[in-house]
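This is a predicted model, so every value here is computed, not measured.
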Amino acid sequence: MKITNTAEFDAIKDNGVVLVDFYADWCGPCKMISPILEELAKEYEGKVTIAKVNVDENGDIAGRYGVMSIPNLVLFKNGDVVKQVVGFQPKNQLQALLNSAI
């Protein structure tokens with residue numbers, strides 16, 4: 001799910017367990033992690049929301065969470081940041097991250 005504005009972001013991040021992928025279209029590692037996140041979105045449907053925020057289009061949201069490098073994954077639980085990881089992550093590490101918050 002691609003987030004396009006601040007209001008949409010605030011509504012989504014406050015609702016249960018949400019993993020937000022801060023990315024850019026020109027970012028190689030972002031392109032590598034994208035299919036993994038799509039798989040996880042299917043596997044965790046109903047338990048975790050996986051959302052994407054383009055840092056070039058939503059610099060204000062990225063700035064709120066100190067996103068300086070991408071991909072930058074921020075895990076929220078009911079609006080609170082649980083964990084933030086930077087760089088490409090293999091699927092098994094992302095699964096462990098999500099399982100820790102469910």
Sub-4.5 Å side-chain heavy-atom contact between Asn72 and Gln84: yes

If we ignore hydrogens and angles and just use 3.5 Å, is the side chain of Ser34 paired with the main-chain N or O of Lys31 as donor and acceptor? no

Contacts of type side chain to side chain donor-acceptor pair (under 3.5 Å), residue Asp21, not counting sequence neighbours: Lys52

Rounded to the nearest 0.5 Å, the OG1 atom of Thr49 sits from the CD1 atom of Ile12 at a distance of 7.5 Å

Just wondering, do Ile3 and Asn58 contact through their side chains at under 4.5 Å, heavy atoms? no

Val20 and Ile102: same hydrophobic cluster, using ILVMFWY side-chain contacts below 4.5 Å? no

Cluster question for you: counting only ILVMFWY and a side-chain heavy-atom cut-off of under 4.5 Å, with indirect links fine, are Leu97 and Val18 together? no

Sequence neighbours left out, what pairs pass disulfide bond (SG atoms under 2.5 Å apart) with at least one residue falling in residues 56-99? none

side-chain contact (heavy atoms from CB on, under 4.5 Å) filter on Asp10, not counting sequence neighbours, yields Thr6, Lys13, Arg64

Shared ILVMFWY cluster between Trp26 and Met68, side chains joined below 4.5 angstrom? no

Is Val48 close to Leu40 at the side-chain level, that is, under 4.5 Å between some pair of heavy atoms? no

Pairs in or reaching into residues 53-102: which pass disulfide bond (SG atoms under 2.5 Å apart), with residues at least two apart or in two chains? none

Mind jotting down which residue pairs meet the disulfide bond (SG atoms under 2.5 Å apart) criterion with at least one end in residues 21-102? Sequence neighbours excluded, please. Cys27-Cys30

Any Leu73 side-chain heavy atom under 4.5 Å of Leu37 side chain: yes

Using the side chain to side chain donor-acceptor pair (under 3.5 Å) criterion, which residues pair with Asn99? Sequence neighbours excluded. Tyr44

Is there side-chain contact between Tyr23 and Val55, with heavy atoms separated by less than 4.5 Å? no

Do Val17 and Val85 share a hydrophobic cluster, counting only Ile, Leu, Val, Met, Phe, Trp and Tyr and linking them when any side-chain heavy atoms are less than 4.5 Å apart? yes

The criterion is side chain to side chain donor-acceptor pair (under 3.5 Å); which residues satisfy it with Asn5, sequence neighbours excluded? none

For a 4.5 angstrom cut-off between non-hydrogen side-chain atoms, does Val81 reach Val74? yes

Treating Lys77 as the side-chain partner and Ala101 as the backbone partner, does any N or O pair qualify as donor plus acceptor under 3.5 Å? yes

Minimal non-hydrogen separation, Asn54 against Asp25, with atom names: ND2-OD2, 3.7 Å

Please identify each residue that fulfils side-chain contact (heavy atoms from CB on, under 4.5 Å) with Asp14, with sequence neighbours left out. none

Restricting to salt bridge (Lys or Arg N to Asp or Glu O under 4.0 Å), what partner residues turn up for Glu43, sequence neighbours left out? Lys91

Could you pull out the closest heavy-atom pair between Ile33 and Gly87, with the gap in Å? CD1-O, 4.4 Å

For Glu57, the side chain to side chain donor-acceptor pair (under 3.5 Å) test, sequence neighbours excluded, returns Lys2

Which Ile, Leu, Val, Met, Phe, Trp or Tyr residues join Val86 in one cluster when any pair of side-chain heavy atoms under 4.5 Å counts as a link? none

Atom CD of Glu39 and atom CD1 of Ile50: how far apart are they, to the nearest 0.5 Å? 10.5 Å

Should Met32 and Leu19 be counted in the same cluster of Ile, Leu, Val, Met, Phe, Trp and Tyr side chains packed under 4.5 Å apart? yes

Is the closest side-chain heavy-atom distance between Val53 and Phe22 below 4.5 Å? yes

To the nearest 0.5 Å, how far apart are CD in Gln89 and CD in Gln95? 12.5 Å

Output all residues satisfying ring pair (Phe, Tyr, Trp, His ring centres under 6.0 Å) with Phe76, sequence neighbours left out; order by chain, then residue number. Phe9, Tyr65

